[in-house]
Every structure is written in C-alpha cells, then in structure tokens.
Amino acid sequence: YFEIRNNNHPALAKVYNLIGVIYLLQGKFELGQKFFQDALYIRMKKLGIDHPDVSRAYFNIGLIYKNTKRFQEATEIIEK
C-alpha cells in the first residue's frame, strides 16, 4: 500500500475513482470531485492523455459539474 500511494500507481487511480463514485451517489459532490481529479492526475501522468481511463476521469468530473448545475463546465470537460 505504501509503495502504491507514494508512486501514484494506476491502481490507486482506480481506488480514487471508486471513492469518487461513492461520493457522487451520496450527493457529496465536492468530495467526489476531489477524488475524480486525483484519479485524473494519476492517469494522465502514468497512462498518457489518450488513454481511455483518462476519458473516463473527465466524464466523471463532468457528472459532478452536471449535478451541481455547472452545465457549461460539464460540456467543456466531457468534450475533452
């Protein structure tokens, strides 16, 4: 666990994403966004911008924006 956490391993991004989904479903959008952004950072750094998991991270952040009625931001990030 310590090695994964310190190295921003892609497996940690999956965990962050799942935590973000839980917060999203609970309506805790600010917390969900934080975890989705952490997942996005790791995925971009370790997998590259064109990886499908990066697209999923953008989509999840877009869901946060949609649910908080930030529709313009949602559209912009989902189109990435």
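These numbers come from a predicted model, not from an experiment.
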Please give me the minimum heavy-atom distance between [X] and [Y], naming the atom from each residue.
| X | Y | result |
| --- | --- | --- |
| A13 | A39 | O-CB, 3.5 Å |
| L47 | P10 | CD2-CG, 4.2 Å |
| A74 | G62 | CB-O, 3.6 Å |

Practice task
Not counting sequence neighbours, which residues clear side-chain contact (heavy atoms from CB on, under 4.5 Å) with S55? List them please.
Solution key: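 side-chain contact (heavy atoms from CB on, under 4.5 Å) list for S55, sorted by chain: empty.
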Inter-residue atom distance [X].[atom1] - [Y].[atom2], 0.5 Å rounding:
| X | Y | atom1 | atom2 | answer |
| --- | --- | --- | --- | --- |
| M44 | D50 | CE | CG | 9.5 Å |
| L40 | I77 | CG | CD1 | 7.0 Å |
| L12 | I42 | CG | CD1 | 4.0 Å |
| L31 | Q26 | CG | CD | 9.0 Å |

Handout entry: ring-ring contact (aromatic ring centres under 6.0 Å, His included): pairs with one or both residues in residues 33-55, sequence neighbours excluded
Key =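 As it turns out, the ring-ring contact (aromatic ring centres under 6.0 Å, His included) pairs with a partner in residues 33-55, which skip direct neighbours, are Y16-F35, Y23-F35.
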Exercise for the section: May I have all residue pairs that pass salt bridge (charged side-chain N to carboxylate O under 4.0 Å, His left out) and include part of residues 30-43, sequence neighbours excluded? Expected result: K34-D38
Exercise for the section: Scan residues 60-74 for pairs that pass salt bridge (charged side-chain N to carboxylate O under 4.0 Å, His left out), counting only residues two or more places apart or in two chains. Expected result: R70-E73
Problem - Residue pair Y65 / Q72, side-chain heavy-atom distance below 4.5 Å - result: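 Counting from C-beta outward, Y65 and Q72 never come under 4.5 Å.
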Practice task
Under the side chain to side chain donor-acceptor pair (under 3.5 Å) rule, collect the residues that match up with Q37, sequence neighbours excluded.
Solution key: none
Practice task
Flag yes if L25 and L18 sit in one hydrophobic cluster, no otherwise; membership is Ile, Leu, Val, Met, Phe, Trp, Tyr, and two members link when side-chain heavy atoms are under 4.5 Å apart.
Solution key: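 No; tracing contacts between hydrophobic side chains, which count when under 4.5 Å, never links both residues.
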Exercise for the section: Tell me whether F59 is reachable from I49 by hopping between hydrophobic residues (I, L, V, M, F, W, Y) whose side-chain heavy atoms are closer than 4.5 Å. Expected result: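 In one cluster: yes.
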Exercise for the section: Please assess L24 against N60 for the test side-chain contact (heavy atoms from CB on, under 4.5 Å), listing each intermediate value before the final yes or no. Expected result: CA-CA 9 Å; L24 173 67; N60 289 339; 5.9 Å; no
Exercise for the section: With sequence neighbours left out, write down each residue that passes salt bridge (charged side-chain N to carboxylate O under 4.0 Å, His left out) with E76, or none if nothing qualifies. Expected result: none
